[in-house]
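These notes concern the structure reproduced below.
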Amino acid sequence: QVQLVESGGGLVQAGGSLRLSCAASGRSFSSITMGWFRQAPGKEREFLAAIRLSVGSTYYADSVKGRFTFSRDNAKNTVYLQMNGLKPEDTAVYYCAARFSSVLTAIRDGYDYWGQGAQVTVSS
């Protein structure tokens with residue numbers, strides 16, 4: 001089992017920045033891939049980014065490429081999503097997810113473990 005706990009959400013003005021954290025606990029993380037998704041009211045859960053923890057390779061959705069950065073601190077079993085240039089349309093609940101595979105994927109059903117979510121609200 002893997003437990004994921006997000007933190008760092010909140011309210012920010014358009015153009016501002018936030019950093020989300022996701023702390024993982026449970027099994028060994030040497031072969032784990034983690035992802036960030038978000039879900040706005042009335043919309044499907046949307047893939048944002050994925051990272052392979054062992055080497056730090058990343059994969060981003062076009063909608064956030066260049067604005068969001070996914071990083072990790074393996075010593076702390078924690079990943080981060082740095083979000084810059086936030087827009088009102090970025091308002092959503094943000095989820096981190098994990099899968100025991102080295103393959104990066106944007107497919108929601110490919111992830112086995114999910115955090116509880118963190119609300120991000122961007123005001124105009």
Side-chain angles (χ1 to χ4, degrees):
Q1 287 292 330
V2 174
Q3 293 78 43
L4 304 174
V5 179
E6 298 105 336
S7 61
L11 174 64
V12 64
Q13 289 188 332
S17 298
L18 278 177
R19 189 178 79 161
L20 300 179
S21 301
C22 176
S25 60
R27 292 173 56 181
S28 169
F29 299 101
S30 61
S31 61
I32 200 170
T33 294
M34 296 190 71
W36 282 101
F37 291 73
R38 68 185 178 190
Q39 189 165 17
K43 294 190 176 181
E44 294 289 320
R45 193 165 296 189
E46 173 191 12
F47 168 79
L48 300 176
I51 192 167
R52 184 178 170 188
L53 291 187
S54 59
V55 296
S57 52
T58 54
Y59 170 49
Y60 293 94
D62 288 342
S63 60
V64 301
K65 197 176 296 182
R67 294 193 301 130
F68 291 8
T69 302
F70 198 172
S71 62
R72 93 282 195 216
D73 184 336
N74 286 351
K76 296 181 179 179
N77 285 343
T78 300
V79 296
Y80 306 96
L81 185 68
Q82 177 67 43
M83 304 183 291
N84 299 326
L86 285 164
K87 307 172 183 179
E89 52 264 42
D90 292 318
T91 295
V93 178
Y94 284 67
Y95 297 90
C96 68
R99 64 193 299 257
F100 283 95
S101 170
S102 60
V103 176
L104 299 174
T105 182
I107 300 174
R108 181 184 65 187
D109 291 344
Y111 291 84
D112 302 306
Y113 303 95
W114 292 85
Q116 81 285 358
Q119 177 69 48
V120 171
T121 303
V122 184
S123 63
S124 57

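Predicted model only: the values in this text are computed from it and were never measured.
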If you measure from CG on L53 to CG on N77, what distance do you get to the nearest 0.5 Å? 8.0 Å
Validation row: R67, Y60 side chains within 4.5 angstrom (heavy atoms): no
Same cluster for Y95 and L81 if Ile/Leu/Val/Met/Phe/Trp/Tyr side chains link at under 4.5 Å? no
Establish whether Y113 and I51 are linked, either directly or via other cluster members, by ILVMFWY side-chain heavy-atom contacts under 4.5 Å. yes
Using a 3.5 Å distance criterion without hydrogens, assess whether the side chain of Q82 forms a donor-acceptor pair with backbone atoms of R19. no
I'd like to check the salt bridge (charged side-chain N to carboxylate O under 4.0 Å, His left out) partners of E46; sequence neighbours left out, ordered by chain and number. R38
For the backbone of L20 and the side chain of E6, can you confirm whether one donor and one acceptor N or O come within less than 3.5 Å of each other? no
Do F70 and Y59 have side chains that get closer than 4.5 Å, going by heavy atoms? no
Within the structure provided, determine whether Q119 and T91 are in side-chain contact (heavy-atom separation under 4.5 Å). yes
Hydrophobic cluster membership, with links at side-chain heavy-atom distances under 4.5 Å among I/L/V/M/F/W/Y: are W114 and L48 in one? no
In the single-linkage hydrophobic clustering (I, L, V, M, F, W, Y; side-chain heavy atoms under 4.5 Å), do V79 and M83 co-cluster? yes
Just jot down the salt bridge (charged side-chain N to carboxylate O under 4.0 Å, His left out) partners of D62, sequence neighbours excluded, or say none. K65
Side-chain heavy-atom pair W36, V64 within 4.5 angstrom cut-off: no
Treating Y80 as the side-chain partner and D73 as the backbone partner, does any N or O pair qualify as donor plus acceptor under 3.5 Å? no
Are side-chain heavy atoms of D90 and F68 found at a separation under 4.5 Å? yes
May I ask you to test the V122-L18 pair for a side-chain heavy-atom distance under 4.5 Å? no
Between T33 and R52, is there a donor-acceptor pair closer than 3.5 Å when you use the side chain of the first and the backbone of the second? no
Going by the rule side chain to side chain donor-acceptor pair (under 3.5 Å), which residues pair with E89 if we only count those two or more places apart in sequence or in a different chain? none
Show the nearest heavy-atom pair for residues S17 and N84, with the distance to one decimal. OG-OD1, 2.9 Å
Minimum heavy-atom separation for Q116 and V5, please, with both atom names. OE1-CA, 3.7 Å
Within the 6.0 Å centroid threshold, strictly below: F47 and Y111: no
Taking side chain as C-beta onward, heavy atoms only, is M34 less than 4.5 Å from L4? yes
Please check: side-chain N/O of N74 versus main-chain N/O of S54, any donor-acceptor pairing under 3.5 Å? no
Does NZ or CZ of R45 lie under 6.0 Å from the centre of the six-membered ring of F37, at an angle within 45° of the ring axis? no
Considering all heavy atoms of both residues, which atom of A14 and which atom of S124 are nearest to each other, and what is their separation? CB-CA, 4.3 Å
